[in-house]
Amino acid sequence: MSSDAVKKRKPKVIRNEAGTPETKRGRAEGEQSVEMEERRRQCSVHFITLKKLNRLAHMRLKKGRDQTHEAKQRVDVLHLQLQNLLYEVMHLQKEISKCLEFKSQHEEIELVSEEEFFQEAPAEISRPHVTRDDHHQLTLARLDWELEQRKRLAEQYKMSLARKEKIHKAIEQKREYLSSLQPGLQNIMQASLPVQECLSMPFEQMQKQAEVARHLPPPLYVLLVQAAAYGQACDKTLSASISGDVDEAKALSRPPEDSQDDESDSDAEEEQQNTKRRRASVGVQLDDKRKEMLRRHPLSLCVDLKCKDGSVLHLFFYYLMNLNILTVKTKVSTTTDLSGAVSAGELLNSESLLNCLYASDHGQETPNPTNRYQFDKVGITTFADYVSDLGHPYVWVQKLGGLQFSSDGAQVCVLMGSALSASHMERTMKLLQGRLQARLALHKQFSSLEHSIIPISGECQHLFPAKVVSGLTLVPVEQELGFVQHVLKAGLLRETDLFFMAVVERGTARLLAAVVVNPRYPEVMPLFSLSLHWKGERSGRTEDNLRAMESEVNMFRAELQGPRPGLQLLTNQIQRLCVCLDVYLETESQVCDGSEGPKEFPREKMCLRTARGPSRLKPFKYNHPQGFFSHR
Amino acid sequence: MGPVELLHMSVFSQSFSPCGRFLAAGNNYGEIAVFSLSAALSPDASQASQKPILNFTAHDGPVFSLLSTDTHLLSAGNGEISAWSWAELIKKSTKAAWTRKPSYETSLEIPEINAMIINPKDNSLIVGGGDNNIHIMDMETGIFKSVLKGHTDYIHCLCFKEREEEILSGGEDGAVRIWGHTEILLSHFQTCSGMASQECARPQFGKWISCLATDSDWMLCGGGPSLSLWHLRSMSPTSVFPLPGCQREAVFYQDLIMSVGEGPHVSHCLHGGTVKAQIPCTPSSLNTLALNLKNTEHRVMTVGGSSHQIDVFTNFSYRAFSLSF
């Protein structure tokens, strides 16, 4: 503005100066310039007023802005204060909630109940007058009481620990003392062994056996106990012993370690199985499962039965753990060498030696019905496949071990365990000995029969006449025999029976006899079926006389069995067969084709009548001291 | 009776009860079994009704002959004859009414009795057996009134001609003897030996006569020789039946001749000499054939032989079922 003013003056000045030269020009022009001056002065005043107004406007604006600014600042300050306060409120609320949720450790301590506390705590702690009203004080008091009790109990605990340590030490000392005695006792036992042998009281041996016997599974243990008892009481030749791996048995019977072992074992097994799975199929897994199912207990029992002639029947009893059955394997050892009897190879075969000891006890299937379900799981269809490996699970073996399985048709047996075993022991042992003797006798008889000699013992001579002409040979059974069909139809021939053929010859006549020997010989009589080849073929089915010969040989057990125990039965039957053939051929008066001539077989046997009855039977019955033949 | 005993059992004789509802059979062990035909033939018959209602041991030796009178069953064992009341048997009581023995000469071996027949006119029992003689016993008194001797070997079979009251007997010696009025011993006899006529002789078997049957003028005889039909007045065979085995029993029935013997079949033959049919049966050879003609409801034929089973034929052409001991 001042510059403006200066600037305005200058031109005035200038003008003035310019004007001066010009004043001369004209005073006429002078009035014009005074008006111009006036206007210029008015103009400047206007300009100045304008500036002043402009300035005032600016200043008003500025003032307004400043006021607004201040007010705003005041409001901001208040706003901030509000926020601060709100924040603080929130903080405090959080704190409050935290405090409210706070679980003090003291709540985890189980305190005694209030009534107990008031009853038990001494007055200075419980302060009932204060605490009954004030809950906080009550809690504090209870905590105090708790602390005191705990301190007291900790003291007691320390004292007990100290006492226990002392006693422990005392025990250790005593143990050391005892173990120091052990070597001394061993020496004494060793020294006493010769004495024991001398007096034949094998305590040591029995003790060792008893020690091992502790690890036997229960059925084998029952069997051992009963067999030993029977041996001591009734049959001095019976002996029982344990064989097998005791450590494995011990391992089996240790349960807690067993679980750890099981885990590690099962891990190992799984790894093994994993590797196996990579190589082989499910079949191998199944095989393993089967092997596991059919596993035998590591310990087995061996029972030896001696017979009078020195031959021994060895019975090995095994226990199948998962199936809970006992099996038996046999072995026969004889004093003389048994060889030569070709057809008798089956007799002492350990597979079939003990077949049908009791009627229909074949030992091919397991007697335990639960095994069926177990077999289904691992795909075993018949147990018979494994029998040759594992032994035969006869029913009498289960009974001797005290194992009783319910099966269809069996009578309900009230005895269990040892009582069951004891009730069957004597009979079974007698049957076993009888079976061995019968088989050995049969073996001997077969070997002499193969040499065409019929061994007849002195006691049985009275059954037969002095002269018997027919001769015997044994032949193997080749083909299906028609004349045995009736035996099959009557159901008297079974898979377990021994089957052989004997040929009796005299002159041109040839008698074929098919013999069925039941494994329970001599309790069951062997069955003969006859077929005669002489001037045609006849059999017991077509001709009544041959049928009568069959019945003469097959029945009349009381006559034929000879002295007890009836081991001569088969040879007597064969001898009688030869005698009957003699009678038949000699009394056959018919001559075929009408031809006359001397008879092939002259009559040597003394008979009263050659035919009797409507079927004209021949006299086959031999009467002893008189020596003649008559009809039955 | 174990299975081996059953395997070796033979049925030798049969007889129906007077009412026709029961059958008695005798076997080689000396047992007599009574079967109830009404139970076995009824529509609801089961396995059990084919078993005897009564089975008892009557004699020591085999029961070769059974005969029924109006009230009693007569059975022949080793040299003795026992009588059993049918009423008692049906009530399962096994006490014999009487037991009698004909007098025998030999004592070393007791002869068997193979055949028994009854003469209804003078109520006497005619018995033939192992001692080669025929004994005649009076039924009321039980005394053996006469002995007919003549056979040289034991007697297999007897039969009775009612019109002339003559007894025919056939024996092991191959002779068939005809005995006249029994009040006189051996009044007249005639023999016709199978060997004499070559048509029926079969020397490969022998000459014994084991079955006889008569139908007034006609006589059947067979055994070792073939079964043949003879005309009695002319004493000559009119037809010979070509049956392979030896026949043990033959009967006349209506216009057929039925015979059983070796071989598991019943042969039906016609008078002309042809074999009409051979019906198979269970036993492998047959000993006895019986026809139940007294009772029209239970009109059956039963046969027994070398088996413990007795076949029953309701229609004579086929076997219906078997009774078993």
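Order of the sequence lines sets the chain letters (A, B, ...), proteins ahead of strands, with each chain counted from 1.
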> Stepwise, does the side-chain contact (heavy atoms from CB on, under 4.5 Å) test hold for B:H8 with A:N554?
Replying inline: CA-CA 9 Å; B:H8 292 289; A:N554 285 336; 3.0 Å; yes

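- Your options are A:A548, A:P614, A:S630, A:A611, and the one with the most heavy-atom pairs under 4.5 Å with chain B is A:P614.
- The line from OG of A:S551 to CG of B:N28 is 7.0 Å long, rounded to the nearest 0.5 Å.
- In plain terms, the two heavy atoms of B:I110 and A:R612 that are nearest each other are O-NH2, 3.1 Å.
- Atom CZ in B:F205 sits 11.0 Å away from atom CZ in A:R616 (nearest 0.5 Å).
- At a cut-off of 3.5 Å, with distance as the only test, a side-chain donor of B:S10 or A:R547 sits close to an acceptor on the other residue.
- Distance check: B:E262 CD to A:D544 CG gives 7.0 Å after rounding to the nearest 0.5 Å.
- Nearest heavy atom pair, residue A:G613 against residue B:Y154, reads O-OH, 2.9 Å.
- With a 4.5 angstrom heavy-atom cutoff, B:P264 does not touch chain A via any of its atoms.
- Taking 4.0 Å as the cut-off between side-chain N and carboxylate O, B:E112 and A:R609 count as a salt-bridged pair.
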